[in-house]
Asks: 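I am attaching a structure below and will ask some questions about it afterwards.
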Amino acid sequence: MSRTRNLALFLVLAAVWGSAFMAIKAGLAYFPPVLFAALRYDVAGVVMLAYAAYVVDDPIPRGRDEWAVVAVGATLVIAAYHAFLFIGESDPAVTSAVAAVIVSLSPVLTTVFARAFLPSERLTVVGVIGLVVGLVGAVVLAAPDPSNLAGGGTVPKLLVLLAAASFALGSVLMRASDDDLPIETMEAWSMLLGAALMHLLSLGLGESVADVAWTTEALLALGYLSVVASGLGFLIYFDLLDRLGPIEINLVSYVAPVFAAVSGWLFLREAITPNTVAGFLIICTGFALVKRAAFRDALREYGVVS
């Protein structure tokens, strides 16, 4: 039953984070990029701190080790990842689909970092092939123009790549810690401190609240990203990170582009092309290669195979 639960949470996370790329792109029409990211986590951090105060005995980290984990989460998983991502997506050359493809490199980067910091985390040769196949599927799904990728928007795309690297490194370092800090507490304080770091960066970049256009669409984008993608999404992410490890949970980056395509079709009337179908099938193949042992165990558990 735990495998079914993990799979269900994995798919929910992929749906939430996949559609978040579209919400980011929509909101950037109304907000300066880093300020947008900071406001997102102002709201999400307050919501999660209130939730932490309700569900745990002590919602405040204690001791150097617990605050060290919060600092890693705030710096790498929240501030660096989102500042790089939002600035990158603010460039017209970086569509939400291209951003999703670049972020789908996160599992590959996680594997590299895990080999350095978590010797027990290993992928077999078939697992590595599965990662590569999944990445190919993500590229097919987005159908990027090679000439465009090599030309305009190179720096913004590199910023999105730095975002993926920050997230991957943060996931590995947090996994390597031995603290018993509750997920809710760690998430809430990482969000609040990460938001503070982004506000400082926003001020340094000359962004201002006066530049925000407070429309209904802007509030909807901010609300969705703050409560659903951040609050709910990261709660699921950190729960699965503890259960599955950084390599497996970051495979969500391969599945998220599928939901990005579907949400684009539903809300932005973006067509689902043959590339979308082909990319989805390739991504599923790569994911199955990496998770083949878990799938085999699940089939045995339900008596499908002996």
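These values consider heavy atoms only, across backbone and side chains, with no hydrogens, waters or symmetry-generated copies.
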Asks: Phe167 and Phe113: aromatic ring centres closer than 6.0 Å?
Replies: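 They do not qualify: ring centres at least 6.0 Å apart.
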
Asks: Could you check if a side-chain atom of Leu9 sits within less than 4.5 angstrom of a side-chain atom of Asp239, using non-hydrogen atoms only?
Replies: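 The answer is yes, as the side chains (C-beta and beyond) meet within the 4.5 Å cut-off.
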
Asks: If you measure from CE on Met198 to CZ on Phe86, what distance do you get to the nearest 0.5 Å?
Replies: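 Answer rounded to 0.5 Å: 7.5 Å.
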
Asks: Just checking, any donor-acceptor pair under 3.5 angstrom between side chains of Tyr41 and Ser190?
Replies: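 Not at all, the side chains of Tyr41 and Ser190 share no donor-acceptor pair under 3.5 Å.
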
Asks: Closest heavy-atom contact between Ala20 and Ala229?
Replies: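 Minimum heavy-atom contact is CB-CB, 4.0 Å.
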
Asks: Are the aromatic rings of Tyr30 and Trp214 close, with centres under 6.0 Å apart?
Replies: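 No, the ring centres sit 6.0 Å or more apart.
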
Asks: Are the side chains of Pro59 and Glu184 in contact, using a 4.5 Å heavy-atom criterion?
Replies: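 No, their side chains stay 4.5 Å or more apart.
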
Asks: Report the distance from atom CD1 of Ile87 to atom CG of Leu162, rounding to the nearest 0.5 Å.
Replies: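 One gets 10.5 Å once the value is rounded to the nearest 0.5 Å.
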
Asks: Nearest 0.5 Å, what's the CD1-CD distance between Ile60 and Glu66?
Replies: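 Going from the CD1 atom of Ile60 to the CD atom of Glu66 covers 11.0 Å.
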
Asks: How long is the span from the OH atom in Tyr237 to the CD atom in Glu187, to the nearest 0.5 Å?
Replies: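 Answer rounded to 0.5 Å: 11.5 Å.
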
Asks: Hey, are the side chains of Tyr81 and Val103 touching, using non-hydrogen atoms and a 4.5 Å cut-off?
Replies: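 Side-chain contact under 4.5 Å: yes.
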
Asks: Hey, does the side chain of Ser230 reach the backbone of Leu225 with a donor-acceptor pair shorter than 3.5 angstrom?
Replies: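 It does hold such a pair.
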
Asks: Just so I know, are the side chains of Ile282 and Val133 near enough to count as touching, which here means a heavy-atom distance under 4.5 Å?
Replies: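 SC-SC contact between Ile282 and Val133 confirmed.
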
Asks: Hey, what's the ring geometry for His82 with Phe234, parallel, tilted or perpendicular (30° and 60° as the breaks)?
Replies: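 Judged by the thresholds at 30° and 60°, the geometry between His82 and Phe234 is tilted.
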
Asks: Drop me the distance from Leu235's CG to Met186's CE, to the nearest 0.5 angstrom.
Replies: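 With rounding to 0.5 Å, CG (Leu235) is 9.5 Å from CE (Met186).
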
Asks: Under a 4.5 Å side-chain heavy-atom rule over Ile, Leu, Val, Met, Phe, Trp and Tyr, are Val227 and Ile78 clustered together?
Replies: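 Shared cluster, no.
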
Asks: Please name the pair of heavy atoms, one in Ala83 and one in Leu201, separated by the smallest distance, quoted to 0.1 Å.
Replies: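 What the structure gives for the nearest pair is CB-CD2, 3.9 Å.
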
Asks: So, do Trp67 and Trp189 sit near enough that their side-chain heavy atoms are less than 4.5 Å apart?
Replies: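 Trp67 vs Trp189: side chains touch.
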
Asks: Show the nearest heavy-atom pair for residues Val212 and Pro32, with the distance to one decimal.
Replies: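 For Val212 and Pro32, the tightest heavy-atom pair comes out as CG2-CD, 3.9 Å.
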
Asks: Can you measure from CZ (Phe36) to CG (Asp211) and round to the nearest 0.5 angstrom?
Replies: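 It comes to 14.5 Å.
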
Asks: Using a 4.5 Å cut-off on heavy atoms from C-beta on, say whether the side chain of Phe21 contacts that of Leu85.
Replies: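 Yes. Closest side-chain heavy atoms under 4.5 Å.
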
Asks: Measure from the side-chain N and O atoms of Ser19 to the backbone N and O of Val16, and report whether any donor-acceptor pair falls under 3.5 Å.
Replies: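 Here the side-chain-to-backbone pair exists.
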
